Amino acid sequence: MSDTRSLNFIEALVEADNASGRWQGRVHTRFPPEPNGYLHVGHAKSIILNSGLARRYGGKFNLRFDDTNPAKEEQEYVDSIVNDVRWLGGEFEDRLFFASDYFAQMYDWAEALVKQGKAYVCDLSADQMREYRGTLTEPGRNSPFRDRAVDENLDLLRRMKQGEFAPGTRTLRAKIDMASGNINLRDPVMYRIVKEHHHRQGDAWVIFPSYDWSHGLEDSIERITHSICTLEFENHRPLYDWFLDQLGLYHPQQIEFAKLQLTYTVLSKRNLLYLVTNGHVAGWDDPRMPTIAGMRRRGYTSQALRTFCEDIGVTKNDTVIDLVRLENAVRDHLNATAPRRMAVLSPLKVVVTNYPEGQVEHVEVQNNPEDPQAGVRAVPFSRELFIERDDFMEDPPKKFFRLAPGKEVRLRGAYFVTCTGLVKDERGAVTEVHCTYDPATKGANAPDGRKVKGTIHWVSAAHAVEAEVRVYDRLFAAEFPGAAHEGTPGVERPFLLDLNPRSLEVVRGRLEPSLAAAAPGERFQFERLGYFTIDADSKPGVLVVNRTVALKDAWVKELAADEGGAAKAPAVAPPAPKPKAPPPAPTAPPAEIEFGDFAKVSLRAGRVLAAKKVEKADKLLELSVDLGESGPRTIVSGIAEAFAPEALVGRNVVVVTNLKPRALKGIESRGMILASGSGKSLSLVNPGDVPPGTAVS
RNA sequence: UGGGGCGUCGUCUAAGGGUAGGACAUCAGACUUUGACUCUGAGUAUCGUGGUUCGAAUCCACGCGCCCCAGCCA
């Protein structure tokens, strides 16, 4: 650590402790996951914080499974977690621990507490206990079992441990204060009866310690100095302290920080589990998942994750980090380290008409301009090539620097070529582009000094290797998944409505031949496209490639700014640029559009499922519209003056479905409702009685 | 209406009585054999109201806003 950044509040605290000699200079942290799911980026922040502290201050870092609830925990999760922590650089060496290994010790301490008269066996049912607990504003009442004699408590506790009682019939509770303003102090449960097989203890135990009872003990046993957890445990700290104090045990300091939250991302284990079990993704390690395993498979590097976590800082502020920060960290690291290759994802054939048929030569291309050490490679060039469809336009706007009739561009690493003609199919689509090349420009500038504005990538048609390219985009289309649908009647999992229908697009790519030998896990930059990694699904001769993250693209911004986003619908939506000016009312057509533009409009029948007013907007309604897709779309429409929300539910409407999503009052609208008229005398275009999704002309 | 925590550019984050700084984003420009990278420039912030002080983001008071807590989950 040779950085100059200022200390975060935990580092400052540790340094103060070191200065005062509070822990004799020791720093010992831990990461205590419950093995009931895969780790995600939020956990990465914690792992990096805890292990980073140990590294920075010459201390130690433990990995400890908090496996105190046999009902939810599995060995599969233990294995994945160990793997993920290691991958992230969490150096726990031989200090891999399990809370369940401390069960006997914890039990002895529980008996000690009973003997001190500070814990009792309670026969209240869960429901009764809730009633006795009181509410946030009213104190609780003492359990009728609170004053049992020590001997009776001891006897009962031992019999609980023997398995004499049914689950749920009794608990061991700490005797603290039923009137405390902090509900956690109202005689919290220490042990509950659970008759389930434990992944490590088997059936040896039928009583299991609660978090509040066990966590401090675990830390104490391991001689942790700084027990770092997230903000929601702040209310539990008095308990952490109470148990340790009553027992007179070694007493680490609990410190709370704000957990990581990310835009366009869902991070609760419950929701992630739901996505996995309901097939919205292919598994915990689906590259769209925010899990460590998913990000690794996506091609993220642990270095990038570490930089990201360092970068966002550690505070107690409840904040949401913009996903682009993570993506930038990944780009940064990969820009410096990933070898460049050429690959064409949406091929358009180019014939270099003045290049001899059958001739092949190899051009030398740098592996990484950012890193001269990376050397060069030879790429075959021939008469027939593929270029990206997006890199050719028959009738380009003025600022288009790529290939177009009569225009000259550089083929990266090879020659200048000039477009001399094109071939179309019967439907008018361009199928082939003809060019001539200038032999004098090989790998260099033109001797006559003429410049080209654009450089495009290419592959030799005959030499290209085909690959399945999985083009991933963010899993959710909304910045705060589900937030806009919170409280919508009948919607029990609002975040599902914001799933990005284009989070995965699979294409047949043509890759430069050197990629044929690439191994799973290798990462590359496909020039001008993005960073990609070879997926584990690859088999000899069958390449599967994942897009890790796209390169930034100033050109799509340009297009969006100039043409209101209508000119081009890329295969994968780039982050929608925020409109500069307030967007025009969605029902008002642009002043003038071209015939060609109009032909690109896709109209489909939809049915309105729900509608409500948009806050702070007089004219806008937020609609949920069924278009026969996997989930309804959210569409914001300026028709509030003409229609009451309730009047729209169930109506059939015509929707422009291929518009670039656009944020209106912070709500992402994915489509436009067709209407005629204006203001209060609007009428909706009716598609007739057809199923949602039907194309309308 | 109980207890706990948090409020600084659009978003993160520094400064903790003495010039409100940085990063990301945005915009403008330069460079470019990747419309990438890099570089230059610009705009935008101390929740509010009082008070203490030569001086307040910082200290005090009173408000306001947001988050967490009523599992035999962690």
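Reminder, nothing fancy here: chain letters follow the sequence lines and each chain counts from 1. In this text, all values refer to a predicted model and were calculated from it rather than measured experimentally.
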* Given the P atoms of B/rC6 and B/rU19, what is the spacing between them in whole Å? -> 25 Å
* **Distance between C1' atoms of B/rG18 and B/rA30 (Å, rounded)** => 38 Å
* Using the P atoms only, state how far B/rA25 lies from B/rC12, rounded to an integer number of Å. => 15 Å
* What is the nucleic acid contact for A/Leu136, judged by heavy atoms within less than 4.0 Å: base, sugar-phosphate only, or nothing? -> base
* Asked: Which part of the nucleic acid, if any, lies within reach of A/Ser180 when heavy atoms closer than 4.0 Å are counted: base, sugar-phosphate only, or nothing?
  -> nothing
* Asked: Base, sugar-phosphate, or nothing for A/Thr263, non-hydrogen atoms under 4.0 angstrom?
  -> nothing
* Can you tell me, in whole Å, how much space there is between the P of B/rC47 and that of B/rA20? => 15 Å
* To do: Applying ring pair (Phe, Tyr, Trp, His ring centres under 6.0 Å), run through A/Phe381 and A/Trp458 and close with a yes or a no.
  => CA-CA 9 Å; A/Phe381 182 89; A/Trp458 54 275; 5.3 Å; yes
* Please work out if A/Leu124 contacts a base, only the sugar-phosphate, or nothing of the nucleic acid, heavy-atom cut-off 4.0 Å. => base
* To do: Name the closest nucleotide to the A/Ser6 side chain, picking from B/rA70, B/rC72, B/rA14.
  => B/rA14
* Asked: Considering only the C1' atoms, how many Å lie between B/rG65 and B/rC24, rounded to the nearest integer?
  -> 26 Å
* Which part of the nucleic acid, if any, lies within contact of A/Ala71, taking any heavy atom under 4.0 Å across all strands shown: a base, the sugar-phosphate backbone alone, or nothing? -> nothing
* A/Asp318 near the nucleic acid: base, sugar-phosphate alone, or nothing, with a heavy-atom cut-off under 4.0 Å? -> sugar-phosphate
* Would you indicate what A/Pro70 reaches in the nucleic acid, counting non-hydrogen atoms under 4.0 angstrom: base, sugar-phosphate, or nothing? => nothing
* **Protein proximity profile, nucleotides 34-41 of chain B - base contact B, sugar-phosphate-only contact S, no contact -, cut-off 4.0 Å on heavy atoms** => BBBB----
* Asked: A/Thr319 near the nucleic acid: base, sugar-phosphate alone, or nothing, with a heavy-atom cut-off under 4.0 Å?
  -> sugar-phosphate
* Quick one: list whatever passes ring pair (Phe, Tyr, Trp, His ring centres under 6.0 Å) with A/Tyr437, sequence neighbours left out. => A/Tyr355, A/Tyr415
* Asked: Is it the case that A/Arg510 places NZ or CZ above or below the six-membered ring of A/Phe386, under 6.0 angstrom from the centre and within 45 degrees of the axis?
  -> yes
* To do: Just need the stems in RNA chain B: three or more back-to-back Watson-Crick or G-U pairs, each with both distances under 3.5 angstrom, sorted by first number.
  => B:2-7 with B:64-69, B:10-13 with B:21-24, B:26-30 with B:38-42, B:47-51 with B:59-63
* Quantified in whole Å, what is the C1' atom distance between nucleotide B/rG22 and nucleotide B/rG2? -> 41 Å
* Sidechain N-carboxylate O distance under 4.0 Å for A/Arg402, A/Glu388 -> no
* Asked: Choosing from B/rC12, B/rU13, B/rG71, which nucleotide comes nearest the side chain of A/Arg133?
  -> B/rG71
